[in-house]
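This report refers to the structure that appears directly beneath it.
Ligands are counted one by one from 1 in listed order, and the atoms in each one are counted from 1 as well.
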Amino acid sequence: MNCLFCDIIAGRKPARKVFEDDRVFAFEDIRPHAPTHVLIVPRRHIIDLKNAAPEDAEIIGYLHLVAAKVARDRSVEDGYRTVFNVGPKAGQSVFHLHLHLLGGRVFHWPPG
Ligand code: 5GP
Ligand code: ZN
């Protein structure tokens with residue numbers, strides 16, 4: 001299987017690592033949309049939210065707790081956003097589940 005994020009997690013492709021443990025790998029987005037733009041990725045290949053199974057519930061929650069930790073470490077806790085893009089119409093371009101953490105600027109609502 002050809003997967004960019006599996007390659008990054010395995011060290012076959014370079015990335016600027018932010019955090020890792022036995023379950024997740026987090027790294028800087030290559031095209032940041034905010035001063036903090038980190039991708040938090042489960043080590044296990046899950047395609048996206050709509051393909052997630054009940055047994056993925058814990059890792060999906062854990063991705064958010066890692067986002068909160070990174071936001072704390074980066075001092076962007078006064079306002080940040082976590083996003084799953086699901087499907088091409090929502091902007092998903094990499095089909096290995098990843099949580100975007102965006103922070104360090106003002107975000108508008110509703111999003112575009
Ligand atoms: P999506 O569009 O699927 O929600 O998010 C994929 C993200 O991966 C995009 O924000 C894109 O900039 C980022 N990205 C794509 N290729 C690479 C890469 O090779 N390295 C890193 N660090 N980020 C990437
Ligand atoms: Zn993958």
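- His98 NE2 to Phe5 CZ: the interatomic distance, rounded to the nearest 0.5 Å, is 5.0 Å.
- Of all heavy-atom pairs spanning Leu97 and Ile60, the tightest one is CD2-CG1, 4.2 Å.
- For the Zn ion (ligand 2), the nearby protein N/O/S atoms, meaning those under 2.8 Å, are Cys3 SG, Cys6 SG, His45 ND1, His96 ND1.
- Residues Val38 and Arg74 form a side-chain contact, since some pair of their non-hydrogen atoms from C-beta on lies under 4.5 Å apart.
- With a 6.0 Å radius and a threshold of 12 heavy atoms from other residues, nucleotides or ligands, Arg16 has its CZ atom at or below the threshold.
- Tracing side-chain contacts under 4.5 Å through hydrophobic residues (I, L, V, M, F, W, Y), one reaches Val66 starting from Phe84; they form part of the same cluster.
- In summary, Arg23 and Asp21 do not engage in a salt bridge, as defined by a charged side-chain N under 4.0 Å from a carboxylate O.
- In this structure, His96 contributes its side chain and Pro42 its backbone to a donor-acceptor pair below 3.5 Å.
- Contacts of ligand 1 (protein heavy-atom distance under 4.0 Å) are Leu4, Phe5, Ile8, Phe27, Glu28, Asp29, Ile30, Arg31, Leu39, Asn85, Gly91, Gln92, Ser93, Val94, His98, His100.
- With His100 as the fixed residue, the ring pair (Phe, Tyr, Trp, His ring centres under 6.0 Å) test singles out one of His33, His64, His37: His37.
- Counted within 6.0 Å of NZ on Lys50, heavy atoms from surrounding residues, nucleotides or ligands total more than 12; the atom is thus considered enclosed.
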